[in-house]
Amino acid sequence: MDGEQLHDVASRTALALPAAVETQPFGEGSVVYKVVGKMFVMVSEVRGTPIVNLKCAPPHGASLVRDHTEITPGWHMNKRHWITVTPGDGIDETLVEDLVANAYDLVVAGLPRARRPIDPTRGSLPD
């Protein structure tokens, strides 16, 4: 997957999620996707290389870093809870979609129950 595809898939997937919004809190060049004010994905470039930073559970992130040369600990983020995905042959659309959805679910699960746009354990609206 090339950099333009990486950015397109991550952005499209993030915006399709309930209550997700696109922001630019760091100025032009970085697009941040948030749910209820909490960041779950950042689309940017580092030294001309397109990247996507995603929230990720530490054990899952460690295995992704181990198994994919295109995935590293989060650039300019908490290295334990964030990963960075760069373009490459080991990255495909399904993986990026899954990583974005997983990042969203992690953030939603950490929100107070009354503020959750969905129940992350059932994929339905909260009670």
Side-chain angles (χ1 to χ4, degrees):
M1 173 175 282
D2 69 26
E4 185 176 337
Q5 292 168 319
L6 176 64
H7 279 181
D8 289 346
V9 171
S11 297
R12 175 177 35 87
T13 304
L15 282 176
L17 295 166
V21 296
E22 180 179 291
T23 66
Q24 288 188 311
F26 307 120
E28 277 189 48
S30 292
V31 178
V32 172
Y33 296 92
K34 296 180 177 183
V35 58
V36 191
K38 301 289 185 180
M39 182 169 138
F40 65 99
V41 174
M42 182 176 78
V43 173
S44 189
E45 284 190 11
V46 175
R47 293 181 283 285
T49 300
I51 67 163
V52 176
N53 277 353
L54 302 122
K55 183 122 176 124
C56 193
H60 188 214
S63 66
L64 289 164
V65 168
R66 182 192 66 228
D67 296 342
H68 298 273
T69 58
E70 301 89 350
I71 300 178
T72 59
W75 175 79
H76 211 348
M77 307 295 267
N78 179 309
K79 307 288 188 238
R80 189 163 176 249
H81 295 277
W82 288 81
I83 58 171
T84 297
V85 179
T86 56
D89 293 336
I91 304 300
D92 63 26
E93 186 169 345
T94 301
L95 176 61
V96 175
E97 289 170 346
D98 288 348
L99 291 173
V100 170
N102 182 55
Y104 175 88
D105 288 344
L106 281 171
V107 170
V108 168
L111 294 171
R113 187 170 174 82
R115 298 194 66 208
R116 294 178 185 170
I118 64 165
D119 181 340
T121 62
R122 292 192 302 260
S124 60
L125 296 175
D127 299 333

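Just the heavy atoms: all of them, side chains too, but no hydrogens, waters or symmetry mates, feed the values below.
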pair [X]-[Y]: side-chain heavy atoms closer than 4.5 Å:
X      : Y      : answer
Met1   : Val9   : yes
Leu99  : Val85  : yes
Met42  : Trp82  : no
His81  : Leu106 : no
Pro117 : Val35  : yes

Taking all non-hydrogen atoms of both residues into account, name the closest pair between [X] and [Y] and its distance.
X      : Y      : result
Glu70  : Ile91  : CB-CG1, 3.6 Å
Leu111 : Arg116 : O-NE, 3.1 Å
Ala14  : Ala20  : O-CB, 3.1 Å
Ala101 : Leu17  : CA-CD1, 4.5 Å
Gly29  : Ser44  : O-OG, 3.4 Å
Thr86  : Leu6   : C-CD2, 3.8 Å

How are the rings of Phe40 and Tyr104 set relative to one another: parallel (under 30°), tilted (30 to 60°) or perpendicular (over 60°)?
perpendicular

Heavy atoms from other residues, nucleotides or ligands near [atom1] of [X] exceed 12 (cutoff 6.0 Å):
X     : atom1 : answer
Glu4  : CD    : no
Arg12 : CZ    : yes
Asp89 : CG    : no

Nearest 0.5 Å please: distance from the CG atom of Leu64 over to the CG atom of Asp98.
10.0 Å

Answer yes if [X] and [Y] sit in the same cluster of Ile, Leu, Val, Met, Phe, Trp and Tyr residues linked by side chain heavy atoms under 4.5 Å apart, and no otherwise.
X     : Y     : value
Val96 : Met77 : no
Leu15 : Val32 : no
Met39 : Val21 : no

Could you go through residues 48-62 and list every donor-acceptor pair under 3.5 Å that involves a side-chain atom there, pairing it with any protein atom two or more places apart or in another chain?
from: Asn53; atom 1: OD1; to: Thr84; atom 2: OG1; distance (Å): 2.4
from: Asn53; atom 1: ND2; to: Trp75; atom 2: O; distance (Å): 2.9

